[in-house]
Amino acid sequence: MTSTTTGTTATALPTPAVPGSLLLLGRGRDLASERGVECPGDLPAPSDPDLVARAQRARAELGDRAFVLGHHYQRDEVIAFADVTGDSFTLARDAAARPEAEYVVFCGVHFMAESADMLTGPEQAVVLPDLSAGCSMADMAAITQVEDAWRVLQDAGVAERTVPVTYMNSSAAIKAFTGRHGGTVCTSSNAEQALRWAFEQVGGVEAEGPTSGKVLFLPDQHLGRNTAVLALGLSLDDCVVFDPWRPGGGLTREQLERARMILWRGHCSVHGRFSAEAVDAYRERVPGINVLVHPECRHEVVTRADVVGSTELIIRTIERAEPGSSWVVGTELNLVKRLAAAHPDKDVHFLDRDVCYCSTMNRIDLPHLVWALESLAAGRVVNRVVVDEETARWAKVGLDRMLALPGPTARD
Ligand code: 13P
Ligand code: SF4
């Protein structure tokens, strides 16, 4: 457990025997996951007709003492109160750039609030309006599993030529693991630069043969595979998937020795839904349509797309698109709906037939925001996310390596 919450009455549940097993939502805290599972506050009723007025009143009372950040996947009702909107990387940077704000109210998910806590001053409180707003992908890699996996690599004699790279969507403990083991953090905007840097630490991406270097990529197998194959020119055969639920990751020593990319068996439950069939169907239905997807999508989806990029790149691409052009977008639905509404001169579709919100992002709603803002205005710090000092120190090593990477950052 690397981050704690204060100002709440959360009771700890026993650690599940199996990390990542089904959580008892709505009660206590899950000690094996990076997040809490309850919001213990006295929430206003969702039907309260004064919610907007209450949020406005509390926000005005707090003034510059509070800074409200909204991730692009948040609901409209929450985005309406955000001082800035952005992706996980830019929001962490924005939080760091506001040292005068006593309270940083993070409307996003838990790993993002952890990163904001590590990048803000110790006197600043980072508040997540609902502690159960986690990320199912981040939950697919528990630090104990990652440490076990590293031992498997050590036993196979490959750990010393393996560099761990973790996606921002991971717990602070896993970011600290990469910092400790000579690795880095990355986002979907700089995954290529991060992988190139990582391979350079172990002989370069071009090196071949039995002693060539490797990357252990956590926790999103799709971002790792898509970047390695499409940006770095590795082959699908260079990639193996490490399954933390199987002995030895389900891999033989020979497979580990031969692999260049050891991909953690994790994925995003939202982006993982988009299918190659949906892309093909749209192309047939709307001739000339452009397909724009996030790199967390499966390889067969990404290879069928016209443009692949991070949340920020998706937004920029639609903003710069020709009026009258048609786009189908494979990313979270709140964002796609807002893009469609903001660009009525363009024809913007959503790639999945079914509703596909990120359910954990959606846990931050107006009642939780009102509760958090009113509590802060009354001097009660609720749902504070705090990363312990030792974890933060090593996680910052990984984050600083990422910030020092050459090339584009999330807003370029
Ligand atoms: P960003 O890094 O683009 O904010 O994405 C975070 C995320 O959760 C994507 O699913
Ligand atoms: Fe996590 Fe996927 Fe939701 Fe992003 S969209 S926060 S990766 S579950």
Side-chain angles (χ1 to χ4, degrees), residues 87-90 137 141 161-170 175 178 182-208 212-242 258-268 271-272 274 276 279 290-318 320 329-331 351 398-399 401-412:
D87 68 4
S88 58
F89 178 74
T90 55
M137 176 202 285
R161 52 199 160 92
T162 302
V163 177
V165 176
T166 192
Y167 190 23
M168 198 74 158
N169 298 31
S170 57
K175 292 186 178 83
T178 61
T184 185
V185 179
C186 75
T187 67
S188 52
S189 341
N190 59 20
E192 176 181 348
Q193 289 77 15
L195 283 189
R196 286 194 190 282
W197 173 88
F199 276 113
E200 273 159 26
Q201 312 311 303
V202 283
V205 70
E206 287 82 20
E208 279 177 16
S212 58
K214 306 166 193 310
V215 166
L216 169 64
F217 194 88
L218 303 146
D220 183 16
Q221 59 168 299
H222 300 304
L223 178 64
R225 184 182 295 106
N226 289 330
T227 311
V229 174
L230 301 176
L232 269 66
L234 292 173
S235 73
L236 286 174
D237 287 342
D238 289 323
C239 305
V240 292
V241 177
F242 189 101
R258 245 194 350 259
R260 307 298 310 283
M261 285 292 290
I262 303 169
L263 305 167
W264 192 261
R265 190 165 181 228
H267 66 273
C268 166
H271 292 92
F274 300 118
V279 175
N290 299 284
V291 179
L292 171 59
V293 302
H294 194 281
E296 286 174 16
C297 293
R298 284 182 269 159
H299 193 62
E300 63 268 27
V301 173
V302 162
T303 50
R304 277 173 163 78
D306 299 297
V307 186
V308 183
S310 62
T311 306
E312 290 282 341
L313 187 130
I314 288 173
I315 295 169
R316 274 200 314 271
T317 303
I318 297 293
R320 293 174 187 170
V329 186
T331 193
L351 185 55
L399 285 166
R401 285 193 187 117
M402 174 183 85
L403 295 171
L405 289 173
T409 57
R411 248 176 208 162
D412 295 331

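The basis for the numbers below is simple: all heavy atoms, side chains too, and nothing from hydrogens, waters or symmetry mates. Numbering starts at 1 and runs along the sequence shown.
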What is the minimum heavy-atom distance between [X] and [Y], and which atoms define it?
| X | Y | answer |
| --- | --- | --- |
| A276 | V301 | N-CG2, 3.6 Å |
| V240 | A259 | CG2-CB, 3.5 Å |
| A305 | V308 | CB-CG2, 4.1 Å |
| V165 | A194 | CG1-CB, 4.3 Å |
| V293 | C297 | CB-SG, 4.0 Å |
| N226 | P295 | ND2-O, 2.9 Å |

Do any N or O atoms from the side chain of [X] and from the backbone of [Y] form a donor-acceptor pair under 3.5 angstrom?
| X | Y | answer |
| --- | --- | --- |
| T184 | M402 | yes |
| R260 | L234 | no |
| E312 | D87 | yes |

State the [atom1]-[atom2] distance between [X] and [Y], to the nearest 0.5 angstrom.
| X | Y | atom1 | atom2 | answer |
| --- | --- | --- | --- | --- |
| L236 | R225 | CG | CZ | 7.0 Å |
| K175 | Y167 | NZ | OH | 10.5 Å |
| R401 | C186 | CZ | SG | 14.0 Å |
| M168 | S188 | CE | OG | 10.0 Å |
| Q193 | N190 | CD | CG | 6.0 Å |
| H294 | S310 | NE2 | OG | 6.0 Å |

Apply the test side chain to side chain contact (heavy atoms under 4.5 Å, CB included) to residues L218 and S170: give CA-CA distance (whole Å), side-chain angles for both, the deciding distance (0.1 Å), then the verdict.
CA-CA 8 Å; L218 303 146; S170 57; 5.9 Å; no

F242 and W264 aromatic ring geometry - parallel, tilted or perpendicular at 30°/60° bounds:
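W264 and F242: parallel rings.
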
Criterion side chain to side chain contact (heavy atoms under 4.5 Å, CB included) on M137 and E296, from CA distance to verdict:
CA-CA 10 Å; M137 176 202 285; E296 286 174 16; 3.7 Å; yes

Quick one, V302 with L230, criterion side chain to side chain contact (heavy atoms under 4.5 Å, CB included). Give me CA distance, side-chain angles, the key distance, then yes/no.
CA-CA 9 Å; V302 162; L230 301 176; 3.2 Å; yes

Hey, are the side chains of [X] and [Y] touching, using non-hydrogen atoms and a 4.5 Å cut-off?
| X | Y | result |
| --- | --- | --- |
| L223 | F217 | yes |
| C239 | V229 | yes |
| V307 | L313 | yes |
| V163 | F199 | no |

Between the side chains of R196 and E192, is the shortest nitrogen-to-carboxylate-oxygen separation below 4.0 Å, so that they form an ion pair?
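Here E192 pairs with R196 in a salt bridge, since their nearest N and O are under 4.0 Å apart.
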
Going by the side-chain contact (heavy atoms from CB on, under 4.5 Å) test, name the single residue among T178, D220, L216 that passes it with T166.
T178

Here's a test for you: under side-chain contact (heavy atoms from CB on, under 4.5 Å), which of L351, I318, N290 qualifies with V329?
I318

As a quick check of understanding, evaluate side chain to side chain contact (heavy atoms under 4.5 Å, CB included) for Q221 and R265, giving each step before the final call.
CA-CA 6 Å; Q221 59 168 299; R265 190 165 181 228; 4.0 Å; yes

Between the side chains of H271 and T331, is a donor N or O closer than 3.5 angstrom to an acceptor N or O?
yes

